[in-house]
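Read through the structure below, which is laid out as structure tokens, and then see the notes.
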Amino acid sequence: MSAQHIPEKFEPTAVEKAAQAFWESTQAFKVSEDPSRPKYYCLSMFPYPSGKLHMGHVRNYTIGDVLTRFHKMRGFNVLQPMGWDAFGLPAENAAIQNSVPPAKWTRDNIAYMKKQLQSLGFAIDWSREVATCDADYYKWNQWLFLRMLEKGIAYKKTQVVNWDPVDQTVLANEQVIDGRGWRTGAVVEKREIPGYYLAITDYAEELLGDLDTLDDWPERVRLMQANWIGKSTGVRFAFPHDIRDASGALIGDGKLWVFTTRADTIMGVTFCAVAAEHPLATLAAQNNPELAAFIEKCKHGSVMEADMATMEKEGLPTGLTVRHPLTGKPVDVWVGNYVLMSYGDGAVMAVPGHDERDFHFAQKYSLPIEQVISEKDAEGRDKPFSTDAWQEWYGTKDGYCVNSGKYDGLGYTAAVDAVAADLKAAQAGDKKVQWRLRDWGISRQRYWGCPIPIIHCDDCGSVPVPDSQLPVVLPEDCVPDGSGNPLNKREDFLHVDCPQCGKAARRETDTMDTFVDSSWYYARFTCPNNDQAMVDARADYWMPVDQYIGGIEHAILHLLYSRFWSKVMGDLGLVKYREPFKRLLTQGMVLNHLFSRRSDKTGIEWFAPEEVELQHDASGRVTGATALRDGQPVDYGGFGTMSKSKRNGVDPQSMIETYGADTARFFMMFASPPEQTLEWSDAGIEGAHRFLKRVWNFGHVVSTVVRPQLPAQATLGSAKLPDDLAALRREVHLLLRQANYDLGKQQFNTVASATMKMLNALEKGPRDSSIAAEVIVECFGILLRVLSPITPHVTHYLWDALGYSKDILAAEWPEPLEAALAQDEIELVLQISGKTRGAVKVPAQADRAAIEAAAVASEAAQKFMEGKPAKKVIVVPGRLVNIVV
RNA sequence: GCCGAGGUGGCGGAAUCGGUAGACGCAGCGGAUUCAAAAUCCGCCGCCGCAAGGUGUAAGGGUUCGAGUCCCUUCCUCGGCACCA
């Protein structure tokens, strides 16, 4: 243990370069399977290589790195990989703008962003780096897709897409602005084209049920997934009819299918409502212009959720009639704007007596409202049924059937069973589970994605590419120009022989949804170099991911698809896990001040925070802001997410260059708990930097003043310390205990603050004796280790330079010592009748009686008890004593 | 509308089982150092009050020796969503 001299001045750049060089030379983060140690797979969501890192990345990866380094020091075998979600639309857009091939643009971005990540000192095993645009990665997308085809999980059907008639291309939803193509301004059409689907609905039950096993996921994410999957248990049945089209064919084989969760109310049906796109609506509109206009309006109606919530229920009669399946009575069919074609069969039975929407609709159009459910009140009498108190009636499952013939008196479950049985007997329906979840369409009519491995042959149809011909490699020199998929012009790619008959055939040019790429990358990180198999036994060692970290915006799609993919891979015998992510942390977004000015000429003009000056009142509250440019006021809009358009983004690169990676990391961890939003603050960055300078300075003091006083033989274990040193040592160990507790909670802001408190205590403590030197060296060693996952560079340097050991990452994580925490005398809070009135000091071993006596005898007690006797004395051991007068 | 999270100083945020509310940091104020400034260091910093003390965790009520924390009612903010039959 040889200590070096630590210079006075803290130079982050040099310190960080040196630390990173050390990690590089020792291959510090490269890991392999080691069954002798517990493993910890720590994964942050891999970035899209958009060009450069943004603050969200820095926050995300810092959280992951803190957990990685903490677990490494705790003795875990930790894997933290990194890769690139490299396919996607922005690369094509960049290509259109700059005439650069998406491949080159993407790989340049990857190279730059990788440098940025490395400059932040993340403990990443770069030997496992994966980019989804590499053929040796996406080969396995194709391979698994073929397995899914074999199993029937992947299948082909037509899909509705947004079609730009000018560019002759399919548009993504975000490329459609106000119904027009984003580049051409042409009115977008709906087109039906064939595409491939994955039967995620086959796994709906398991995807829903297994949510209960994900105890370490945020509750809200599980709820969002459950709602998305949307399971409803009910009855699907048909209203028979004789409605025929012009050619005389029965519409829907003479059946109007509906789904209901309230089959017990079937005798209360007073009409049916169908969606605007329903075949019966289409038929009725043929000689009814008013209805045709209404249907047209519904189709173009807003699908915005805010409109939906306030939308008036509207409808029109079709003039068509179906028959009630149990009573045979005629039932009128209406078109209702509140019925969705995309859910169930696009039609509902309407029971206005017991359903809110049906009720509003019936009221508006004066349709009959009938009671078929009743309920007893507390006195056992039937509650009155009245349309004035309709709120009390819809939705309730607590009542029993009335006015329902043979079902009268049955409760909800019994009535549903009886009705379902009768419908089944009449061959009119049966119980059914209805899902909101839809199968996953993965075909994209885009260039920059994984080719779907299919060959179209005139004779053999759509033929899967044989495994031996995988991967189907995407030509990388295409430059999309916005009009159609450039693969359609690549003759060398298109022309291929049919694998079945050998005749000339044509390659599929659709590519896969990029969500496919990200649905299994975490498994590939365990064995990225295997060119013989998608995954191997190494996945059994590392998977599942112990800690996954990413944005809440992926709460539904990415996480659901990954869960689905895991189950499919499991069923194919490729992996042993059913759920890929054991624990999930969804980090909050990074916000910054918003400044704008509204003018009639230019609309809203946004100001970057560095372009304005804030005005404060005497108390420091922000009262306004002015532009530096012209001194005129600008509107202060509070905090909002960092965005280019609002000009409030902060480039991490400039922050790293100014203050260093450690400062950036410390600020990110300190400013707020990981799940909450983080408000950007230049002053906060300064504060973080100030703290690290103080840490450095204390290291300098230890190297120059403290260490030279160290005795040859350590005495700390046995010696009785002077009071001030015992207090210092105890405080640091208490803070350590707190920090360890907070790390378990993943509450890193208070871990950071614990290190600040340690330094405050050390700076104030004595340092001019050999025993003090021993205490300081022990305590500073604790501080450095607790701080090291957050600011690894400066702590690496100080740990080494002060001679603790070569590599702080290899050091053991500190635990508080009982000997340091023990104290002879403790201070208890003194309350008189529940009000705090000071404190009493008692020996640590004092029993209840002694504490009571000491409390009553204390000066404060005498003063505030005013001579009255104590009615009761409450003693909370180690905390307080309360004298009730 | 429904579901979820939350409401604590000028600000970000602490407070593990109900036990000294406001830790730590930022901003602000005062002082030291300096020719001066920056940097640094020391001190103050919820509100009312000269003080003793009182009061205070969105509002109101309750349970308790004791409530930011538990229960009830109301209000507000943010996030998510599906008119899902």
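Each chain gets a letter, A, B and so on, in the order its sequence line appears, and its residues count up from 1. Just so it is clear, the values below take in all heavy atoms, side chains as well, and ignore hydrogens, waters and symmetry mates.
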For R357(A) and C2(B), is the shortest distance between a side-chain N/O and OP1 or OP2 below 4.0 Å?
no

OP1 or OP2 of A15(B) less than 4.0 angstrom from a side-chain nitrogen or oxygen of Q747(A), does that happen here?
yes

Residue matched to C45(B) through Watson-Crick or wobble contacts both under 3.5 angstrom
none

Does C84(B) pair with anything, Watson-Crick or G-U wobble, both distances under 3.5 Å, and if so, with which nucleotide?
none

Parallel, tilted or perpendicular: ring planes of F361(A) versus Y338(A), cut at 30 and 60 degrees:
tilted

When you measure from the side-chain N and O atoms of R436(A) to the phosphate of A82(B), is any distance below 4.0 Å, counting only OP1 and OP2?
yes

With respect to the phosphate group of C84(B), does any side-chain polar atom (N or O) of T261(A) fall under 4.0 Å of OP1 or OP2?
no

Does the structure show a Watson-Crick or G-U wobble partner for G25(B), both distances under 3.5 Å? Name it, or say none.
C11(B)

For F691(A), which of W696(A), F666(A), F667(A) qualifies under ring-ring contact (aromatic ring centres under 6.0 Å, His included)?
F666(A)

Gap in Å between the two C1' atoms, one belonging to C65(B) and one to G4(B), rounded:
36 Å

Between T677(A) and D358(A), which is nearer to the 5' end of RNA chain B once each is assigned its nearest nucleotide?
T677(A)

For a quick test of reading the model: is some side-chain N or O of Q831(A) closer than 4.0 Å to OP1 or OP2 of G19(B)?
no

Does a nitrogen or oxygen in the side chain of R220(A) sit under 4.0 Å from OP1 or OP2 of C78(B)?
no

Contact under 4.0 Å: K745(A) side-chain N or O vs A15(B) OP1/OP2
yes

OP1 or OP2 of C65(B) less than 4.0 angstrom from a side-chain nitrogen or oxygen of K872(A), does that happen here?
yes

By the Watson-Crick or G-U definition, both distances under 3.5 Å, A58(B) is matched with U74(B)

Assign G9(B) to syn or anti; the rule is syn for a glycosidic angle within 90° of 0 and anti otherwise.
syn

Test side-chain hydrogen bond (donor to acceptor under 3.5 Å, both in side chains) on Q747(A) and Y741(A); report intermediate values, then the result.
CA-CA 9 Å; Q747(A) 185 174 290; Y741(A) 176 81; over 6 Å; no

The residue, A226(A) or T233(A), whose nearest nucleotide of RNA chain B is more 5′ is A226(A)

Residue-phosphate contact under 4.0 Å: N749(A) side-chain N/O, A14(B) OP1/OP2:
yes

